[in-house]
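One structure below.
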Number of protein chains: 2
Amino acid sequence: MKHITIKEVAEALNCSISTVSRAFNNKSEIHPDTRERVLQVAAKMGYHPNPIARKLTQQRSYNVGVVVPEFLNPFFPEVIMGIQDVLLEKGYQVLIMQSNENDETEQKNLKTLEDNFVDGIILSLTQESKNINYLQHLINKNYPLVLFNRTNESLTVSKVLFDDYKWALFATEHLIQQGLKELVHIAGKSHLTLSKKRKQGFIDAHRKHKLPVDSSKIIETGFLVEDGIRTVMELIDNDTLPEGFFCVNDATAMGAIKALKKNGYKVPQDIAIMGFTDTPVSSMIEPPLSSVVQPSRQMGEVAAELLLRQIESKSIVIPETVVLSGSLKVRESSVKL
Amino acid sequence: MKHITIKEVAEALNCSISTVSRAFNNKSEIHPDTRERVLQVAAKMGYHPNPIARKLTQQRSYNVGVVVPEFLNPFFPEVIMGIQDVLLEKGYQVLIMQSNENDETEQKNLKTLEDNFVDGIILSLTQESKNINYLQHLINKNYPLVLFNRTNESLTVSKVLFDDYKWALFATEHLIQQGLKELVHIAGKSHLTLSKKRKQGFIDAHRKHKLPVDSSKIIETGFLVEDGIRTVMELIDNDTLPEGFFCVNDATAMGAIKALKKNGYKVPQDIAIMGFTDTPVSSMIEPPLSSVVQPSRQMGEVAAELLLRQIESKSIVIPETVVLSGSLKVRESSVKL
DNA sequence: CTGTTAGCGCCTTCAC
DNA sequence: GTGAAGGCGCTAACAG
């Protein structure tokens, strides 16, 4: 596992290492012929500039950190694919870390990345998101940072968001248009902007259609299948099931469906369900789940581009928020016949 | 974004940089008191050893590459979580790359990792897996390498496998025990050892129960939902549907169910289905999918440990194959009432 | 136990 | 257009 160094190449060519270096860095101060010759010999010897040494001199790691709350839900892997598409292309490496919806792990991940001198970080908050202060400290240091999807409004950084409010409103309206009046929103933790927006969309759809709505119709829970199950179970126990659910994501929606079916309720005949994010399995479950389609991959691409802009700019970059739009995918779970 | 260096800490302490270095490297040749003092001042100054410089001197990157064919299917993310558990603990960083089931991308990924001097690579092959020669070249160079799940028998390297043969046999037997005689195996690409083993398990279960079996009962396809759909559609078109399917993984099983239901067949009443891997959604679909439970996370942990052994050993490590076992999770899709 | 010195592999002035 | 030399931040002998 010995690696060839610039020195060996220089010796083989009987020239100085600077010449070899110049050839590899596309510098103008080198004769095209020698450049050619160097590259040829180097290739034959199997030489690559050692990226670590390069990073040392350039004081740049060419590494970018990505921190997501989890990646069992396919949403995050898809975003990461978008991020990689852009960053690998530009010669960056992507270090992926997952926080397991845990604040401590999140902070440890961020610290690890910082310690490793990553050139920037792309982050989606855990649902607890108690690390606002730590993030503020990164921002104050002018550390390149982009948040996506799960953010917090108190932070002034570049963000890539989905138009949660609008599509939550549309999704709720869709349920209302099915003739349903008694709806419940299975909501996410309210520290997250995303949860607030989706909740507000749910409320405003009611207002728009002159339907009553109050906090009893909004149940805050987590993002997992189990959270959906638990929420519905409690409603069943209290005998307070609504006519339809608008769920903060597909996982809770799937949990809701599972709990309802288990207790003999029919979806959508008895109770209609609307999810959010449209993960690939949405179409596989029974009944196929209606959901809001989110452009996951694009979200990653945009986040990567915003980060690159910060990394590669000499001056301070003004934070920018990009809001992406989606569409409604109506399948069976929300359609009253 | 300026970083504090060892020199500055040394100056602040009015000592030499070696002393600071020693304090941070837990060397014995340092007075406990000075060690303490150094660490304290360093912490106050916010100093961390620059990992890049450290890597340069140690001629080690402390980076490990993980290459998977895809990570939309939750199996791979789970394995990666296991890998990270072990490696992050040991101070390694994990670079994750995905090949999108594409050989060219796979080779590019491997090259990128090699160029970046990762200390070792953990890999699961794409289904085409035409990069055997390239891998052999890595092995010849004695590059630390571990294959998991999707391997190829011609390579002599450390591997972490699942006992595919045994569990395929058990899974098939389970179907046979439901009174089914006409079974079809939706198989994976046969370059992969995994595909061959599962296929052989399917065949031998027939032999064991004195049931006829021939190649017409084995249909080679991919690993995706679409592959399952396509396969079943063709059987429907040819009017050659069996009584049950044993599928190479959950995705194809889900595809099969989808296609069957769409065409008015009832699962398991008309046709029983058995999957493989037991992804979290298996229990969510209708009917809940019977599957073979694979210890995904553990697979990652073991792979990481095998790799560490290679990386941290001075001498050549004899390749080792670890075979993990699983269990059968019988849900509704395979049970004849 | 501590300080000095020589690299690790590369890039980048600065002479020539 | 090319070579020599210094330095990036750190570790690892080698002295003392």
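The structure presented is a predicted model; accordingly, all values stated were derived computationally and were not measured. Sequence lines set the chain letters: A, B, ... in the order given, protein chains first and strands last, and positions in each chain run from 1.
- Dashed line: the shortest gap from a side-chain N or O of B/Y47 to OP1 or OP2 of D/dC10 is under 4.0 Å.
- Atoms CG (A/N50) and C1' (C/dG7) sit 14 Å apart, rounded to a whole Å.
- The residue A/I52 sits apart from the nucleic acid: no heavy atom pair falls under 4.0 Å.
- Distance, A/R22 CZ to C/dC14 C1': 11 Å, rounded to whole Å.
- For B/I4 and D/dG9, the CD1 to P distance is 12 Å, given to the nearest whole Å.
- Salt bridge B/E101/B/R150: present, at least one basic N to carboxylate O contact under 4.0 Å.
- Comparing B/N14 and B/Q58 by the nucleotide of DNA chain C that holds the closest heavy atom to each, the one mapping nearer the 5' end is B/N14.
- Using bins of under 30°, 30° to 60° and over 60° for the plane-to-plane angle, the ring pair A/Y47/A/F24 lands in the perpendicular bin.
- Here B/T19 lies in heavy-atom contact (under 4.0 Å) with sugar-phosphate atoms only.
- A sub-4.0 Å separation between OP1 or OP2 of C/dC11 and a side-chain N or O of A/N25 is present.
- Between C/dC11 and A/Q59, no contact under 4.0 Å exists linking OP1 or OP2 to a side-chain N or O.
- Of the candidate nucleotides C/dT12, D/dG9, C/dG3, C/dG3 has the atom lying nearest to any side-chain atom of B/C15.
- For the OP1/OP2 pair of C/dC11 and a distance below 4.0 Å, the side-chain nitrogens and oxygens of A/R54 include at least one atom meeting the criterion.
- Between the C1' atom of D/dG3 and the CD1 atom of A/I6 lies a distance of 13 Å, rounded to the nearest Å.
- Classification of the A/F71-B/F71 ring pair by plane angle, with boundaries at 30° and 60°, yields parallel.
- Taking CG from A/N149 and CD from A/Q294, the interatomic distance works out to 5.0 Å, rounded to the nearest 0.5 Å.
- In this model, no side-chain donor or acceptor of A/R35 finds a partner on the base of D/dG1 within 3.5 Å.
- A/T193 and A/E153 share a side-chain donor-acceptor pair at under 3.5 Å.
- For the OP1/OP2 pair of C/dC11 and a distance below 4.0 Å, the side-chain nitrogens and oxygens of A/S21 include at least one atom meeting the criterion.
- A straight line from NE2 of A/H3 to C1' of C/dG9 spans 13 Å, rounded to a whole angstrom.
- A straight line from NZ of B/K7 to C1' of C/dT4 spans 14 Å, rounded to a whole angstrom.
- Between B/S18 and B/T57, the residue anchored closer to the 5' end of DNA chain C is B/S18, taking for each the nucleotide with the nearest heavy atom.
- OP1 or OP2 of D/dG9 has not a single side-chain nitrogen or oxygen of B/T5 nearer than 4.0 Å.
- Nucleotide C/dC1 holds its C1' atom 12 Å from the CG atom of B/D33, rounded to whole Å.
- Enclosure of atom CD in A/E312 by more than 12 non-hydrogen atoms of other residues, nucleotides or ligands within 6.0 angstrom is indicated.
- A straight line from CG of A/L13 to P of D/dG1 spans 18 Å, rounded to a whole angstrom.
- Taking every side-chain heavy atom of B/A53 into account, D/dG9 is the closest of C/dT2, C/dC10, D/dG9.
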